[in-house]
Amino acid sequence: MTRTNRRLSTALALAAMLGAPLAAMADPVAYPEGYRHWHHAKSMVIHDGHPLADPFAGIHHIYVNDPALEGLQTGRYADGSVFVFDLLQAEHGDEVLTEGERKLVGVMVKGAETYQETGGWGFEGFAGDSRDQRLVSDGGQACFACHQSQADSDYVFTRWRP
Ligand code: HEC
């Protein structure tokens, strides 16, 4: 067996033992193709030094698809509701702040059954402009831990603004 093969089979054996993470991998959150044409819900700038700065420092825009827009207004999110957290570098110029490179795309997709472990939401992050370089390796537990403070609004921080 080559070294790579041995590593691979060890990894597979470990994954089999850990059942749960493997199950979580069975329903990966899809890249939110076309989200820049969705509804813009809000924007925010997070400066260095803020508790969320690592990794969320920069300018972010939050986009929602049609079901999530309805959810923002009714407080009830149908399966398939998607929120996108589009995070860009903040470029400081002469008395201006402008958008720089994309840092990551954070996604929350509603799937009440599929994502029971994390409040009925699937969490994922995609690095930079990548559609397949995934950032979440714990099934979304760390993301959910912080979103749990918003239990009264189905774990969503964003509020409806007409
Ligand atoms: C330490 C707290 C914290 C962690 C950890 C965290 N978030 Fe959030 N998230 C927030 C806050 C605060 C907002 C609201 C930002 C705003 O108001 O613009 C937010 C907003 C979002 C939104 C927009 C929907 C909403 O709830 O308003 C998405 C999508 C999102 N986060 C995805 C993620 C993903 C994916 C992860 C894990 C990789 C993650 N978050 C981890 C605090 C957190």
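Atoms within each ligand, like the ligands themselves, are counted from 1 in listed order. Everything numeric here is computed off the predicted structure, so don't read it as measured data.
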Does an N or O anywhere in Phe85 fall below 3.5 Å from an N or O of ligand 1?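 There is no such contact.
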[atom]: which protein heavy atom is closest, and how many Å away?
atom: atom 29 (C) of ligand 1; result: Phe83 O, 3.5 Å
atom: atom 18 (O) of ligand 1; result: His60 NE2, 2.6 Å
atom: atom 27 (O) of ligand 1; result: Thr158 OG1, 2.5 Å
atom: atom 25 (C) of ligand 1; result: Phe157 N, 3.4 Å
atom: atom 1 (C) of ligand 1; result: Cys146 SG, 2.7 Å

Is atom 8 (Fe) of ligand 1 under 2.8 Å from any N, O or S atom of Cys143? no
Could you tell me whether the side chain of His40 and the main chain of Lys42 form a donor-acceptor pair under 3.5 Å? yes
Does Tyr77 reach the main-chain N or O of Val156 with its side chain, forming a donor-acceptor pair under 3.5 Å?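 Not at all, since once roles are kept as given, no pair shorter than 3.5 Å links the two residues.
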Give the contacting part of Ile62 toward ligand 1: side chain, backbone, both or neither, where contact means a heavy-atom distance below 4.0 Å.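 Just the side chain.
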Only heavy atoms of [X], strictly under 4.0 Å: list the atoms of ligand 1 that pass.
X: Val136; result: 38 (C)
X: Glu124; result: 35 (C)
X: Lys42; result: 16 (C), 17 (O), 18 (O)
X: Met44; result: 16 (C), 17 (O), 18 (O)
X: Leu52; result: 1 (C), 2 (C), 3 (C), 12 (C)

Does the side-chain contact (heavy atoms from CB on, under 4.5 Å) test come out yes or no for Asp86 and Arg102, once each step is laid out? CA-CA 8 Å; Asp86 191 13; Arg102 179 172 284 112; 2.8 Å; yes
Quick one: pull up OG1 in Thr158 and CZ in Phe83 and give me the separation to the nearest 0.5 Å. 5.5 Å
Does Phe56 have a non-hydrogen atom less than 4.0 Å from ligand 1?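 A heavy atom of Phe56 does come that close to ligand 1.
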Less than 4.0 Å is my threshold; does some heavy atom of Ala142 fall inside it relative to ligand 1? yes
Do we see a donor-acceptor contact under 3.5 Å between the side chains of Tyr31 and Asp132?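 No, no side-chain donor-acceptor contact under 3.5 Å.
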Exercise: do Asp66 and His39 side chains pair donor with acceptor under 3.5 Å: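 Asp66 vs His39: donor-acceptor pair found between side chains.
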Minimum heavy-atom distance Asn65-Gly80, with the two atoms named: ND2-O, 2.9 Å
Heavy-atom closest pair, residues Val105 and Tyr35: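 Scanning both residues completely, I find the closest heavy atoms to be CG2-OH, 3.7 Å.
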Against His147, only a single residue in Phe85, Tyr155, Phe123, Trp121 fulfils ring-ring contact (aromatic ring centres under 6.0 Å, His included); can you say which?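 Running ring-ring contact (aromatic ring centres under 6.0 Å, His included) over Phe85, Tyr155, Phe123, Trp121 with His147 returns exactly one hit, Phe123.
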Could you pull out, from Arg134, Met108, Gln141, His147, the option with a heavy atom nearest to atom 20 (C) of ligand 1?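 Closest candidate by heavy-atom distance is His147.
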Does the side chain of Glu117 reach to within under 4.5 Å of the side chain of Gln141, using non-hydrogen atoms?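 The answer is yes; the side chains approach within 4.5 Å.
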